[in-house]
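Quick notes on the structure that follows.
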Amino acid sequence: MNHNENKPVKKQLIGSELYSLPALQAAPLLLGRHLVRSTEDGEIRCRIVETESYGGAEDKGSHAFGGRRTARTDVMFREGGTIYIYLIYGMYHCLNIVTAGEGDPHAVLIRAVEPLTAADAGFMRSYRGTAGSTPRGLSGGPGKLCRALQIDKRLNGLRLDRADSPLRLEQGEEPESLDIVQSPRINIPYAEEYAPLPWRFYLRNSPYVSVKDKMEQPFIWS
DNA sequence: CTAATGATGCACT
DNA sequence: GTGCATCATTAGC
């Protein structure tokens with residue numbers, strides 16, 4: 001008898017192997033993983049279906065381009081597994097997962113999630129209003145998913161790998177067998193030659209993805 | 001298509 | 001310090 005057979009594999013927290021990778025390697029590996037948000041109202045579970053890689057210091061699309069370390073970007077320089085949240089356009093929050101080692105600014109933007117159960121969807125809808133009545137409207141977009149999961153800057157700097165954290169990341173599905181598309185990142189014209197690089201990843205068949213790419217180029221594991 | 005809405009970064013005093 | 005352009009977006013026309 002193997003003791004491991006009894007372990008609740010699906011609920012195991014993600015470990016440092018994934019968090020210590022460069023963002024570009026971590027971004028596709030985060031697809032299919034489960035995000036768990038604990039609030040006073042209860043626990044919401046969802047799976048990640050769209051990500052974007054930002055960093056390190058050479059990426060002109062990254063807030064930490066050139067090693068820019070400010071009050072806002074400081075968390076990007078922390079150890080992988082840290083939560084980075086910023087406010088955009090004065091009204092929406094964006095959730096990022098910091099990766100790589102301390103002092104090396106990498107982050108993966110979470111752009112879309114999918115509720116795991118009808119109960120999870122119900123919770124999320126209650127925070128979304130009329131726009132949340134379609135999958136994409138519910139949590140297909142970085143600002144939308146933060147609203148659906150009640151995520152704001154209070155979570156900035158916390159870690160995803162603690163059992164008592166209000167936001168955790170669990171193993172979920174292993175992404176190697178999923179149908180993954182890669183495409184250029186969304187809405188970063190200022191990134192110049194980094195703008196067209198295919199650093200966005202999403203699950204081809206998820207209706208929760210924010211923007212479908214014309215090409216839908218399959219992602220090949222290297 | 002575009003207004004909304006405020007933190008942020010940087011140029012300049 | 002002050003001023004101001006910018007922004008990893010969204011909802012509602």
Side-chain angles (χ1 to χ4, degrees), chain A residues 22-28 30-31 35 46 48-78 80 82-100 104-114 124-157 160 167 181-203 206-213:
Chain A
L24 189 52
Q25 287 177 45
L30 285 166
L31 295 173
L35 261 186
C46 53
I48 297 171
V49 298
E50 180 181 350
T51 60
E52 277 179 3
S53 165
Y54 286 89
E58 68 282 353
D59 178 7
K60 289 184 180 172
S62 172
H63 292 160
F65 168 62
R68 184 168 49 210
R69 189 167 187 165
T70 65
R72 178 176 66 155
T73 65
D74 187 67
V75 294
M76 286 186 75
F77 291 78
R78 297 204 203 156
T82 302
I83 297 168
Y84 170 41
I85 292 163
Y86 62 88
L87 182 69
I88 188 69
Y89 297 108
M91 46 186 120
Y92 302 105
H93 294 275
C94 289
L95 167 67
N96 295 254
I97 296 175
V98 173
T99 73
D104 194 6
H106 290 242
V108 176
L109 172 67
I110 308 303
R111 287 194 54 92
V113 300
E114 198 173 275
M124 292 164 66
R125 237 175 263 127
S126 72
Y127 302 129
R128 291 289 295 127
T130 56
S133 53
T134 65
R136 253 191 36 193
L138 183 65
S139 52
K144 297 174 193 175
L145 74 88
C146 282
R147 291 214 167 152
L149 298 176
Q150 302 271 86
I151 289 170
D152 61 34
K153 283 181 83 172
R154 287 173 302 196
L155 302 185
N156 191 43
L160 287 160
L167 188 65
V181 166
Q182 63 177 314
S183 90
R185 294 174 290 181
I186 301 298
N187 197 25
I188 49 162
Y190 53 85
E192 302 177 25
E193 74 270 26
Y194 284 81
L197 298 179
W199 289 358
R200 180 170 77 118
F201 306 88
Y202 65 85
L203 299 188
S206 173
Y208 288 82
V209 168
S210 66
V211 185
K212 302 276 191 182
D213 192 67

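Below, read A as the first sequence line, B as the second, and so on, with proteins coming before strands; counting in each chain starts at 1.
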| request: With heavy atoms under 4.0 Å as the rule, sort Gly61(A) into base, sugar-phosphate or nothing. | output: base
| Which part of the nucleic acid does Arg128(A) contact within heavy-atom distance under 4.0 Å: base, sugar-phosphate only, or nothing? | sugar-phosphate
| query | Once you round it to whole Å, what is the distance between P of dC7(C) and CZ of Arg72(A)? | reply | 11 Å
| Backbone N or O of Thr70(A) within a donor-acceptor pair of the Thr73(A) side chain at under 3.5 Å? | yes
| request: Would you kindly give the CD1-to-P distance between Ile110(A) and dT9(C), to the nearest whole Å? | output: 14 Å
| task | Return yes if a side-chain donor-acceptor contact under 3.5 Å exists between Arg200(A) and Ser183(A), otherwise no. | result | yes
| said: How many whole angstroms separate atom CG of Leu95(A) from atom C1' of dT10(C)? | reply: 17 Å
| query | Taking only N and O in the side chain of Thr130(A), is any of them less than 4.0 Å away from OP1 or OP2 of dG12(C)? | reply | yes
| said: Once pairs are restricted to Watson-Crick or G-U wobble with both distances under 3.5 Å, how does DNA chain B read as a dot-bracket string, [ ] for crossings and | for other-strand pairs? | reply: ||||.|||||||.
| field | His63(A)/Tyr86(A) under ring-ring contact (aromatic ring centres under 6.0 Å, His included): CA gap, chis, key distance, verdict | value | CA-CA 10 Å; His63(A) 292 160; Tyr86(A) 62 88; 4.6 Å; yes
| said: Checking the side chain of Glu58(A) only, and the main-chain atoms of Gly66(A) only, is there a donor and an acceptor separated by less than 3.5 Å? | reply: no
| Arg136(A) CZ: over 12 foreign heavy atoms closer than 6.0 Å | no
| Taking atom C1' of dT10(C) as reference, at what distance in whole Å does atom CE of Met91(A) sit? | 8 Å
| message | From CZ of Phe65(A) over to C1' of dA8(C), roughly how many Å is that when rounded to an integer? | response | 16 Å
| task | Please report, rounded to the nearest Å, how far the C1' atom of dT9(C) is from the OH atom of Tyr89(A). | result | 6 Å
| query | Between dA8(C) atom C1' and Lys60(A) atom NZ, what is the distance in whole Å? | reply | 17 Å
| request: Taking only the side-chain nitrogens and oxygens of Arg200(A), find out if one of them lies under 4.0 Å from OP1 or OP2 of dA8(C). | output: no
| query | Whole-Å distance between dT10(C) C1' and His93(A) NE2? | reply | 14 Å
| query | Any donor and acceptor pair, going by atom type alone, linking the side chain of Ser210(A) with main-chain N or O of Gly141(A) inside 3.5 Å? | reply | no
| query | Would you say the side chains of Ser139(A) and Glu114(A) form a donor-acceptor pair under 3.5 Å? | reply | no
| query | If you pin Tyr92(A) and Lys153(A) to their nearest nucleotides in DNA chain B, which one's is more 5'? | reply | Tyr92(A)
| query | Hey, does the side chain of Asn96(A) come within less than 4.0 Å of dA8(C)'s phosphate (OP1/OP2), counting only N and O? | reply | no
| query | On DNA chain B, which is the earliest and which the latest nucleotide, 5' to 3', with an atom closer than 4.0 Å to a heavy atom of chain A? | reply | dA4(B) to dC10(B)
| query | Checking Ser53(A) side chain against Trp199(A) main chain: does a donor-acceptor pair fall under 3.5 Å? | reply | no
| query | Are Tyr86(A) and the base of dA8(C) stacked, counting only ring centres nearer than 5.5 Å and planes tilted under 30°? | reply | no
| request: Report yes or no: is the cationic atom of Arg185(A) (NZ for Lys, CZ for Arg) closer than 6.0 Å to the six-membered ring centre of Phe201(A), at no more than 45° off its axis? | output: no
| Does a donor on one side chain sit under 3.5 Å from an acceptor on the other, for Glu52(A) and Tyr54(A)? | yes
| message | What contact category does Ile188(A) fall into here, base, sugar-phosphate, or nothing, at under 4.0 angstrom with non-hydrogen atoms? | response | sugar-phosphate
